[in-house]
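Notes follow the structure.
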Protein chains: 4
Amino acid sequence: MARPRTVTRVHQAVLAMVGEIGFARLTMEGIATRAQVSKQTLYRSWPSPAAILFDALLASSSAPNGEIQVPDTGQLANDLEALLLATVAEMNDAAHDTMLRAVTAEIQTDPALATDLRTRLLDPQLRAVAARLAEAGVQDPAAITELLYGPMFHRWLLRTGPLDTDWAQAHLQRVLKAIDWSTSSP
Amino acid sequence: MARPRTVTRVHQAVLAMVGEIGFARLTMEGIATRAQVSKQTLYRSWPSPAAILFDALLASSSAPNGEIQVPDTGQLANDLEALLLATVAEMNDAAHDTMLRAVTAEIQTDPALATDLRTRLLDPQLRAVAARLAEAGVQDPAAITELLYGPMFHRWLLRTGPLDTDWAQAHLQRVLKAIDWSTSSP
Amino acid sequence: MARPRTVTRVHQAVLAMVGEIGFARLTMEGIATRAQVSKQTLYRSWPSPAAILFDALLASSSAPNGEIQVPDTGQLANDLEALLLATVAEMNDAAHDTMLRAVTAEIQTDPALATDLRTRLLDPQLRAVAARLAEAGVQDPAAITELLYGPMFHRWLLRTGPLDTDWAQAHLQRVLKAIDWSTSSP
Amino acid sequence: MARPRTVTRVHQAVLAMVGEIGFARLTMEGIATRAQVSKQTLYRSWPSPAAILFDALLASSSAPNGEIQVPDTGQLANDLEALLLATVAEMNDAAHDTMLRAVTAEIQTDPALATDLRTRLLDPQLRAVAARLAEAGVQDPAAITELLYGPMFHRWLLRTGPLDTDWAQAHLQRVLKAIDWSTSSP
DNA sequence: GAGTAATCGAGACGGTACGTCCCGTCTTTCC
DNA sequence: GGAAAGACGGGACGTACCGTCTCGATTACTC
C-alpha cells in the first residue's frame, strides 16, 4: 500500500523519536511532522504509534520474521545459559528495554497489536526454544520454556530485582532441576 | 487533604467507570464530572486516573495494607496449591483482570505509581509466600517464589495459554522439583 | 476536452447529489467517486463543484443558450403577469430554489462563475423582457425590468416575505404605475 | 458566556483578517491563532466564521441593535433621496461590500445566521423606512419599501449595472410614480 | 491492423482545516 | 475560605477534502 520511501521515512522517524522523547510522548501528529509525511498517510498504514514502532522494530531487526537462533552445541545446559545471558543483555539494553516495555503495556489495551506481537515475535521465539529442549529429550518442553522465561519476564517487567548474569545462572540451575527426561539423564 | 466525602465519591466514581468504559478511557475530566467534584479538587489529591484507581482499589480491598493470607496447614504442597488456585481464580475474574492489566501497563510509564504498587502490594505479597516457604525449610525461598509466580504472570499477561486449574497443578509439580531443601527431603 | 461519456456521467452525478445532500456538501472528491471518474479528470474540465453544477444545469436545460420565451399576446399587462407568475412558480420549486441560491451564493466568491452566469443566463433573460417592454412603447425598458425583478429577487433571496401569486399581481400593478409611455397612455 | 477580553480579541482579529485575506479564506483555526485564543473558546461562542464576522459587525456598529436613522424633514422625496444615496455610498464602500456579500452568501446555507441577520439587521431597517413612508401618507408602505430596495439589491448583488448617484435618483423617480396616496398628493 | 498518443481510473501523497476531547491552570462565585 | 463550576490556552485526536502526482489500462486516432 504505502510507498517504500514513505515507510522508510516513518520507520526512521519513529525509531529516532522513541529514543529522544520516549514512547509515552510519541504522537501520530509528531511522527507525521518528523517524517515529513501527512497524518493521513500515517493513518492509512498504521492505527497507533505503538503499531508503527512495532513495525519499525520488526523491519529493522535482523530477523524480520521473528526467528531467533537457539545455539545448539549438543550441550543443553551450556546452550541454555548462552540463550539466557543473551536475553538478559538485551533486556538491559536501554533501547530494547524502553521499546519492549512500551509494546508490552500497549498490548494490554490493543488486541490487534497483541495478536501481531504474539504471532510474529513471541510464539516463534518460544517455539524455537521448546524445539531445542525437545531435541535434548526434555519432557513437556513448552512448560519448561515457560519456567525459563516466566521468572525473567516477571523480574524484568515488575522490577522486583536485578536482572544480571548471576541471577540468570542460578535461575538456570533451578529450572534444570525441574526437568523430566524422556530416556536418559542430561 | 481532601474531605472524606470527596474521596468517597471519587472512589465510587472511578470504580464504577472502570467497569463501564474500561481503564483506557478514564480521564480526569470524566471522573470529576461523574463524581460531582471539581477538576481542581481531583488534581489536588491525585496526578492521574491510574493513581486514583489504585487508591480506590486499596481502599476497597479487605486488606488495605496489601497483606495476604498464605494458608499454613503444615502441608506445603497443599498450601501452595491452594494459593496458586486462588490466584488463578483472581486472574480469571474479569474485573480483577482488567484492573491488574491496566495498572501493570501504567507502571511501565509512571515510576511513582510503580514504586507505590511494588511497596504496597507486590512486595508484601511475595514476602508472605517466601516466608511460608522458608518456614518449610526451602532454600532460597525468594527465588522459588519467583519460579512459582513468574510463569503464571507470563502466561496471564502475554496470554500465551489458558490459565486454569490443570495448568496450575502441573506447574506446581515442576516448581516443587526445583526446590533445594535445607535439611531433609520433602 | 473531456469525453462525452465522462461529461454525461459527471452531470448526472452532480444533479443527483445536489438533490440528495444539497449544494453545500458537494465536493470534487465526492462527485468523482459518484461519477466513477478520477479526480484528475474532473479538475481537467471544471475548477469547482459550482462550475460543474452550473454546467450541468445549462446542459440539462431546454434552452442551453439561456434564452427564455417572453409571451407576446399584444396585451402587455397580461403578458407580464404570465411572466411573473411563471418566475414565481419556478422560485417556489424546491430544486430550482436550492440551485439558484447555491449559484447566487457562489458568484459572490467566484468571479469567473459570476461572469458566466451573467452572460449566459441573466443578461439574455433580462434583455428579452426589456425587448418586450420596448415593443409595447415603454420608456427605459431596462429600468422597468429591474423594477419588476428586483423586488422579487429581494423577497426571494432574503426571505422577507412569501413569494406567491397575490403578491406578484399586486407588485405588477405598482410597476405598471411607474412606467412612462413613449407616445400614448397604456 | 465568553469573557469580554476574549470577545474583543476575536472581534478585532476577524475584522482585521477579513480585510487582509477576504471572507472566503477565513477559518476558525486561523481566527483562533490570530486572536491568541484556543479553538475551543471560539467554538464555545460561535459556530462559524460567518457568525463571528456578523457578531463583530454588529458590535462595532454605531447602532448595535440594527436601528437606522431615517431622515425626516417633512419632504418625503428629499428624505428618500438622502436615504438612497447613503445606502449607495455604503454599498460602494469596499469593506461593507465585502462583508455584506459574504453574509448574504452565507445565509443561503446557514438558517440560524439567516434568522439572526433578518431579525437583527434587515427587518428593523426596512420597518424604519416603511414607518417614514406611512407617516407621509403612503399606501402599503412595506411594498413601496421593497420597490425601493429590491432593484438596488438586485443591481448590487448581481452586478447588473453601476450603483451610482444618477441611477439612484432616476430609480427614486420611478418608485415615487408607483406610490398610492391615502388622502392628498405628496 | 499496428503503433502511438491522448485520456482515463485509481489512488498515494503533502497539506490545511475541521470539530472534538482532554490536559492542567486559572478565575469567579457561592455556601 | 474551601469547593463547585467552568472559561481558558494548548495539543492531539481521527476525518474530510484539497489539488498534485504517478501509475497502468483503455481508447481512439494515424500511418
Side-chain angles (χ1 to χ4, degrees), chain A residues 1-7 9-10 24-49, chain B residues 1-3 5-7 9-10 21 24-33 35-49, chain C residues 1-7 9-10 21 24-49, chain D residues 1-7 9-10 24-49:
Chain A
M1 183 181 285
R3 295 180 190 161
R5 174 183 151 82
T6 302
V7 174
R9 290 204 286 183
V10 171
R25 291 170 56 202
L26 280 186
T27 64
M28 293 299 266
E29 195 123 15
I31 296 168
T33 303
R34 171 71 164 257
Q36 297 268 69
V37 143
S38 83
K39 277 169 64 176
Q40 202 57 254
T41 298
L42 231 47
Y43 279 106
R44 235 192 308 266
S45 301
W46 301 276
S48 68
Chain B
M1 183 192 283
R3 294 180 188 162
R5 174 181 149 81
T6 301
V7 174
R9 290 204 287 183
V10 171
I21 62 175
R25 290 169 57 201
L26 282 186
T27 64
M28 295 298 268
E29 194 126 9
I31 297 168
T33 303
Q36 297 270 66
V37 145
S38 83
K39 281 168 63 178
Q40 203 53 259
T41 302
L42 266 199
Y43 278 106
R44 212 173 293 125
S45 302
W46 302 277
S48 68
Chain C
M1 183 192 285
R3 294 178 188 161
R5 174 182 149 80
T6 301
V7 174
R9 289 204 288 182
V10 171
I21 62 173
R25 291 169 56 200
L26 282 185
T27 65
M28 296 298 268
E29 193 124 12
I31 296 167
T33 302
R34 171 73 164 256
Q36 296 269 70
V37 145
S38 83
K39 281 168 63 178
Q40 202 54 259
T41 303
L42 267 198
Y43 279 106
R44 211 174 293 125
S45 300
W46 302 275
S48 69
Chain D
M1 183 179 283
R3 294 183 190 158
R5 173 182 150 83
T6 302
V7 175
R9 289 205 285 183
V10 171
R25 291 171 54 203
L26 281 185
T27 65
M28 294 298 267
E29 195 125 13
I31 296 168
T33 302
R34 172 70 165 258
Q36 298 268 68
V37 143
S38 81
K39 278 168 64 178
Q40 199 59 252
T41 299
L42 231 47
Y43 279 104
R44 234 193 307 268
S45 300
W46 302 275
S48 67

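Chain letters run A, B, ... following the sequence lines, proteins first and then strands; every chain starts at 1.
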Subject >> Nearest-nucleotide 5' precedence on DNA chain F, B:E29 against B:Q36 >> reply: B:Q36
Original post:
What is the minimum heavy-atom distance between B:A32 and B:S38, and which atoms define it?
Top reply: CB-C, 4.2 Å
**OP:** Check the distance between E:dC13's C1' and C:Y43's OH and give it to me in whole angstrom.
**Re:** 14 Å
Original post:
Going by atom types only, do C:R9 and C:T6 share a side-chain donor-acceptor pair under 3.5 Å?
Top reply: no
Original post:
Closer to the 5' end of DNA chain E via nearest nucleotide, is it C:T6 or A:Q40?
Top reply: C:T6
**OP:** Please determine if a side-chain N or O atom of C:R9 lies less than 4.0 Å away from the OP1 or OP2 oxygen of E:dG9.
**Re:** yes
Original post:
If you look at every heavy atom in A:W46 and A:M28, which pair is closest and at what distance?
Top reply: O-CE, 3.4 Å
Subject >> Nearest-nucleotide pick for A:T27, side chain only, options being F:dT20, F:dA12, E:dA17 >> reply: F:dA12
Original post:
Does the side chain of A:T41 get closer than 4.0 angstrom to OP1 or OP2 of E:dG14 through an N or O atom?
Top reply: yes
**OP:** Decide yes or no for C:P49 and C:I31: does some side-chain heavy atom of the first lie under 4.5 Å from some side-chain heavy atom of the second?
**Re:** yes
Original post:
Could you state the CD1-P distance from A:I31 to E:dG15, rounded to the nearest angstrom?
Top reply: 17 Å
**OP:** Find which nucleotide of DNA chain F each of D:R5 and A:K39 is nearest to by heavy atoms, and output the residue with the more 5' nucleotide.
**Re:** D:R5
**OP:** On DNA chain E, check which nucleotide each of B:M28 and C:S38 is closest to and give me the residue with the more 5' one.
**Re:** C:S38
**OP:** Would you mind reading off the distance between A:L42 atom CG and F:dA12 atom P, rounded to a whole angstrom?
**Re:** 14 Å
Subject >> Phosphate OP1/OP2 of F:dG19: any C:R44 side-chain N/O under 4.0 Å >> reply: no
**OP:** Could you check how far CZ of A:R3 sits from C1' of F:dG24, rounded to whole Å?
**Re:** 14 Å
